[in-house]
Amino acid sequence: MTSAAGLRDHPETLFAVPKIVADRRADGSIILKSTARLRESARCVGDWLEQWARQTPDRIFLGERANVEAPWTTVTYRDALRQVRSIAAWILAQGLSAEHPLVILSDNNVDHALFALAAQHVGVPSAAISPAYSLMSKDFDKLRSMVQLLDPGVIYVSGTKPFTTALAAVAPLHSAKIVSGTAGDTDAISFRAIAATPETPAVEKAFAGVTPDTIAKFLFTSGSTGTPKAVINTQRMLTSSQQAKAQIWTFLEGARDDLVILDWLPWSHTFGANHNFNLVLRNGGTLYIDGGKPAPGLFATSLANLRSVMPTVYFNVPRGFDMLIAALRGDDELRCKFFGEVKFAFYAGAALPQNLWDALEQLSVQTSGRALPMVSAWGSTETSPLATDCHFQAERSGNIGVPIPGTELKLVPSGDKLEVRVRGPNVTPGYWKAPELTAQAFDADGFYLIGDAVRFADPARPERGLFFDGRVAEDFKLNSGTWVSVGTLRVAGIAALAPLVQDIVVTGHGGNEIRFLVFPNIAACRAQASLPDDAEVKDVIGHAKIRAAIAHGLARLKAQGGHSSGHATRALLLADPASVDGGEITDKGYINQRAVLTRRAGAVAALDDDASAEWISCGG
């Protein structure tokens with residue numbers, strides 16, 4: 001019988017072979033780095049746009065559509081550069097600078113991209129702020145803190161009407177001009193009018209003055225432990241990251257026609273912006289903007305777009321893969337097209353549960369006779385984001401790969417784990433207007449303290465990659481002295497309770513046992529319990545079939561793990577979704593453990609109450 005691994009495309013047709021050295025030091029730390037030298041990267045992001053506008057002027061750069069029934073509206077590289085230069089002339093006339101940057105509140109769209117590129121083209125930082133802080137927030141506290149910190153010169157929204165309340169909330173904190181992408185918004189400057197501004201000689205002069213040290217953008221951290229921090233992203237960070245990517249994803253050199261991406265990931269986060277958007281721009285590819293996302297009621301849009309435009313590389317977060325797999329199982333035509341045209345899949349944002357990895361692999365083999373290559377990477381907003389890349393086919397989910405060319409990792413013993421730190425040209429110089437936080441973020445050797453732990457796939461062969469081993473600050477001890485690896489257990493728990501859960505928060509700090517707070521997948525629970533689509537959440541999570549299935553899943557996890565740190569004895573299903581204002585969830589759907597435990601102390605107390613009828617006990 002042929003194994004799935006043997007049916008994959010040969011990795012050497014897509015990626016470079018990892019070559020890694022490990023310097024083991026007397027203090028117990030290990031320095032990991034690639035033996036490949038990082039070649040010279042572009043001076044700035046604008047050089048890429050200028051290059052493709054000259055070499056492939058008629059190639060589609062960006063595409064979008066208003067809804068799934070509408071045709072795609074596209075912009076070529078030639079037209080993009082023309083508009084960027086015009087918008088840049090207007091930006092310069094407003095006197096924008098790092099002290100008064102461009103702030104963008106809207107979702108991904110072509111105008112958003114052109115506005116940000118225009119600012120960066122002439123040395124003015126842009127700052128995309130998650131629309132959740134404007135459209136989903138109730139108190140606007142985080143939005144206020146961001147606007148107050150940046151003191152923007154211009155704020156862009158796709159339309160003033162949806163942002164009316166948010167704009168009013170921040171109005172006393174700035175003197176910025178408001179620009180709208182919606183024609184007819186009389187209370188704002190028209191973006192279309194700005195894009196028609198005649199180009200001036202000042203644009204070329206300002207573009208020539210951009211250096212690798214020029215600030216390209218500010219990206220905000222999640223703010224789960226306080227006020228969001230503005231991470232400085234320099235031009236060097238962005239271009240060196242993509243240069244390293246091109247050296248390890250070797251198919252990119254000369255790919256162009258082969259690089260088509262359909263992507264929803266928000267440009268307010270480093271994954272969607274610095275990794276995916278810049279991947280397309282650096283390599284002259286095409287990006288179709290997906291107006292959907294992996295959320296109830298919105299993923300149908302993503303599927304309709306996928307039927308219209310099949311990407312050559314598929315990017316998503318674990319929740320997106322979960323929803324995709326369910327859709328592919330029920331759509332033969334889409335499944336055949338997906339596995340026939342996608343070169344490989346890339347997951348990031350959170351660890352991919354093994355059950356999803358196995359399911360995608362099985363579907364691929366059944367459909368096309370080959371296992372779709374699945375790769376990943378690791379980093380943070382502060383590393384722009386690439387620090388490691390799994391540019392080889394791992395045997396299972398969770399391998400985050402090896403350090404990219406030009407980037408060093410320092411692995412430092414921390415209890416029974418290895419804390420990982422990062423140094424390289426892709427790492428931020430610090431946080432905007434926060435010198436004390438910047439100083440605290442680096443060790444004496446200049447390595448960024450990212451706060452994650454890793455372990456070797458094979459300590460004797462560092463080229464086989466690293467596995468993410470949780471957040472150092474999230475892990476805790478039971479009163480037996482046994483450490484609980486929260487990241488590892490969370491992924492195992494999601495797999496054991498699939499498909500009824502969306503995410504898990506691990507608790508039990510200082511106690512005898514581990515417990516789970518569970519964010520349920522309400523749609524899957526309704527289906528399991530044979531309830532109608534409009535069934536109340538409390539009725540769904542309280543249904544006997546659901547409680548029994550959760551108990552069975554906990555028992556299955558116990559059978560797999562056995563020891564006290566490898567399973568949970570109780571689970572409590574949460575009726576309320578994760579809170580944006582509370583910092584419990586990001587745009588990518590990643591749950592912040594600490595924020596949930598803090599905000600839901602009552603639920604934790606219920607888990608610890610032996611007399612409570614809310615929690616579900618481990619069955620078996």
Side-chain angles (χ1 to χ4, degrees), residues 41-65 71-92 102 104 108-124 126 128 156 181 191-192 194-200 203-204 206-208 210 214 216-217 235 238-239 241-243 245-246 249 251-263 265 267 272-291 305 308-313 315:
S41 55
R43 171 183 62 108
C44 62
V45 168
D47 279 347
W48 296 332
L49 183 58
E50 295 271 353
Q51 174 190 350
W52 301 122
R54 289 192 307 270
Q55 295 182 12
T56 57
D58 296 321
R59 177 161 177 77
I60 294 172
F61 171 29
L62 298 169
E64 66 180 354
R65 58 180 180 174
W72 290 94
T73 300
T74 59
V75 176
T76 65
Y77 277 97
R78 175 197 288 117
D79 194 45
L81 179 59
R82 180 188 60 77
Q83 293 188 67
V84 160
R85 287 174 173 169
S86 292
I87 298 162
W90 183 86
I91 286 172
L92 289 175
L102 166 67
I104 298 173
N108 302 357
N109 60 49
V110 170
D111 290 353
H112 175 155
L114 296 176
F115 217 162
L117 287 173
Q120 295 167 29
H121 210 74
V122 288
V124 173
S126 63
Y156 167 79
F191 177 78
R192 285 292 103 210
I194 290 171
T197 302
E199 185 184 343
T200 64
V203 172
E204 189 62 34
F207 177 61
V210 175
T214 300
K217 61 175 69 171
Q235 295 282 353
L238 307 187
T239 60
S241 182
Q242 288 298 329
Q243 175 58 39
K245 179 65 98 175
W249 284 17
F251 84 94
L252 288 171
E253 294 296 350
R256 290 198 269 295
D257 292 342
D258 260 353
L259 184 60
V260 176
I261 291 176
L262 171 69
D263 194 38
L265 284 151
W267 297 337
N274 292 344
H275 190 281
N276 295 0
F277 183 93
N278 284 351
L279 179 76
V280 169
L281 181 54
R282 191 268 179 197
N283 298 290
T286 298
L287 170 63
Y288 288 92
I289 300 168
D290 178 11
N305 288 334
S308 174
V309 174
M310 187 57 63
T312 51
V313 182
F315 294 93

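Distance check, rounded to the nearest 0.5 Å: CZ of Arg54 to CG of Leu49 gives 10.0 Å. The distance from the CG atom of Leu279 to the CH2 atom of Trp249 is 6.0 Å, given to the nearest 0.5 Å. One finds the CG atom of Leu62 at 8.5 Å from the CG atom of Leu281 (value rounded to the nearest 0.5 Å). The CG atom of Asn278 sits 5.0 Å away from the CH2 atom of Trp48 when rounded to the nearest 0.5 Å. The OG1 atom of Thr197 sits 9.5 Å away from atom CD1 of Ile91, with the distance rounded to the nearest 0.5 Å. One distance of note links CG of Leu262 with OG1 of Thr286; it measures 12.0 Å at 0.5 Å rounding.
Nearest heavy atoms, Gly181 versus Phe191: CA-CB, 4.1 Å. For the pair Arg59 and Gly284, the tightest heavy-atom approach, listed with the atom from each and the gap, is NE-O, 2.8 Å. Between Ala216 and Gln235, the shortest heavy-atom distance links the atoms CB-NE2, 3.7 Å. For the pair Val75 and Ala80, the tightest heavy-atom approach, listed with the atom from each and the gap, is CG1-N, 3.6 Å. Between Leu265 and Phe315, the closest heavy-atom pair is CD1-CB, 4.4 Å. Between Asp79 and Thr76, the shortest heavy-atom distance links the atoms N-OG1, 3.1 Å.
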Practice task
Check step by step if side-chain contact (heavy atoms from CB on, under 4.5 Å) holds for Phe251 and Val313.
Solution key: CA-CA 11 Å; Phe251 84 94; Val313 182; 4.0 Å; yes

Practice task
Could you please spell out the steps behind the side-chain contact (heavy atoms from CB on, under 4.5 Å) verdict for Tyr156 and Asp111?
Solution key: CA-CA 9 Å; Tyr156 167 79; Asp111 290 353; 3.3 Å; yes

Exercise for the section: Kindly determine whether Val45 and Gln242 satisfy side-chain contact (heavy atoms from CB on, under 4.5 Å), including the steps that lead there. Expected result: CA-CA 10 Å; Val45 168; Gln242 288 298 329; over 6 Å; no

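For the pair Gln51 and Arg282, the minimum side-chain heavy-atom distance is 4.5 Å or more. The side-chain heavy atoms of Arg43 and Val210, taken from C-beta on, include a pair separated by under 4.5 Å. For the pair Trp90 and Thr200, the minimum side-chain heavy-atom distance is 4.5 Å or more.
For the residue pair Lys217 / Asn274, a side-chain donor-acceptor distance below 3.5 Å is found, with atom types taken as modelled. Residues Ser126 and Gln120 have side chains that bring a donor and an acceptor to within less than 3.5 angstrom of each other.
Relative to the six-membered ring of Tyr288, Arg65 misses at least one condition, a distance below 6.0 Å or an angle of at most 45° to the axis.
Evaluated for a side-chain contact (heavy atoms from CB on, under 4.5 Å) with Ile87, the options Leu102, Leu92, Val203, Leu114 yield exactly one hit, Leu114.
Checked against the 6.0 Å centroid criterion, the rings of Trp267 and Phe277 qualify as a close aromatic pair.
Listed for the Gln83 side chain is no donor-acceptor partner under 3.5 Å among the backbone atoms of Ala195. Remark: the backbone N or O of Asp258 is paired with a side-chain donor or acceptor of Thr312 at under 3.5 angstrom.
The aromatic rings of Phe61 and Tyr77 lie parallel to each other, their planes meeting at an angle below 30°, with 60° marking the opposite boundary.
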